[in-house]
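Note that the structure is predicted; figures quoted are calculated from it, not measured.
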Amino acid sequence: MVYLADHPASCLLEMLVQGARLAALPVAYQWLQIETAEASIGEAGALPDDWRDDIGATRSLGDTWLRQRSTPLLRVPSVIVPAAWNYLLNPAHPDAGRCQIASTVRFPLDPRLR
């Protein structure tokens, strides 16, 4: 599974929450913009009220989506930024190849983050 986000700042926050050490990150952070057809993006649907704290429920949702291969992408709410979205890409989905890198932008990390 490939993890994507709706904004470069969200990507950086997600990496940090997952335990990436800033000192280990490259000096220039690279953002890949992905292009895909809207119809190929699935929605997470209704989540339980405590979904932010229930890793088992969200993991089960992701595992089911991976197994069913209903869409190459799944849009899910960000746990750490309530107004942001993350996207999961299933490289095993037959249409995953339709998701293409549209552009690549290098972002130098602010030295205050190191």
Student check: side-chain heavy atoms of I41 and L74 closer than 4.5 Å: no

Look at the side-chain heavy atoms of Ile, Leu, Val, Met, Phe, Trp and Tyr, link any pair under 4.5 Å apart, and say whether L32 and W85 land in one connected group. yes

Taking all non-hydrogen atoms of both residues, which atom of V79 and which atom of W51 are closest, and how far apart? CG2-CZ3, 3.4 Å

Check the hydrophobic clustering (I, L, V, M, F, W, Y; side-chain heavy atoms under 4.5 Å; chains of links allowed) and say if L12 and Y3 are grouped together. no

Would you say I101 and L89 are hydrophobically clustered, going by side-chain heavy atoms of ILVMFWY under 4.5 Å? yes

Value rounded to 0.5 Å, distance of CG in D49 from CG in D54: 11.0 Å

Heavy-atom closest pair (W65 atom, S70 atom, distance to 0.1 Å) is CD1-OG, 3.8 Å

Main-chain N/O of D53 paired to D50 side chain as donor or acceptor, under 3.5 Å: no

Decide yes or no on side-chain contact (heavy atoms from CB on, under 4.5 Å) for Q100 and I34, but give the supporting numbers first. CA-CA 6 Å; Q100 300 291 320; I34 306 296; over 6 Å; no

Is there a chain of hydrophobic side chains (I, L, V, M, F, W, Y, each step under 4.5 Å between heavy atoms) that links V2 to Y87? yes

Report yes if some heavy atom in the side chain of D95 is under 4.5 Å from a heavy atom in the side chain of S40; otherwise report no. no

Among side-chain atoms of W31 and S103, is any donor-acceptor pair under 3.5 angstrom? no

For D6, is there any backbone N or O sitting under 3.5 Å from a side-chain donor or acceptor partner on S10? no

Apply side-chain contact (heavy atoms from CB on, under 4.5 Å) to residues M1 and L66 and explain how you reach the verdict. CA-CA 8 Å; M1 182 172 339; L66 279 171; 3.3 Å; yes

Rounded distance [0.5 Å steps], CG in L47 versus CG in L61: 6.5 Å

Is there a side-chain contact between N86 and P77 in this structure, where contact means two heavy atoms from C-beta onward sitting under 4.5 Å apart? no

Does any part of the side chain of Q33, heavy atoms only, come nearer than 4.5 Å to the side chain of V105, both counted from C-beta? no

If hydrophobic clusters are built by linking Ile, Leu, Val, Met, Phe, Trp and Tyr wherever their side-chain heavy atoms come under 4.5 Å apart, do V17 and M15 end up in the same one? no

Donor on one side chain, acceptor on other, E14 and S78, under 3.5 Å: yes

Tell me, do Q30 and T104 make a side-chain contact under 4.5 Å, heavy atoms counted? yes

Measure across R106 and P108 and return the closest heavy-atom pair with its distance rounded to 0.1 Å. O-CD, 3.8 Å

What's the shortest heavy-atom distance between A102 and E35, and which atoms? CB-OE2, 3.7 Å

Does CD in E43 sit with more than 12 non-hydrogen atoms of other residues, nucleotides or ligands closer than 6.0 Å? yes

What's the separation between atom OG1 in T64 and atom CZ in R59, rounded to the nearest 0.5 Å? 13.0 Å

To the nearest 0.5 Å, tell me how far Q68 CD sits from D63 CG. 11.0 Å

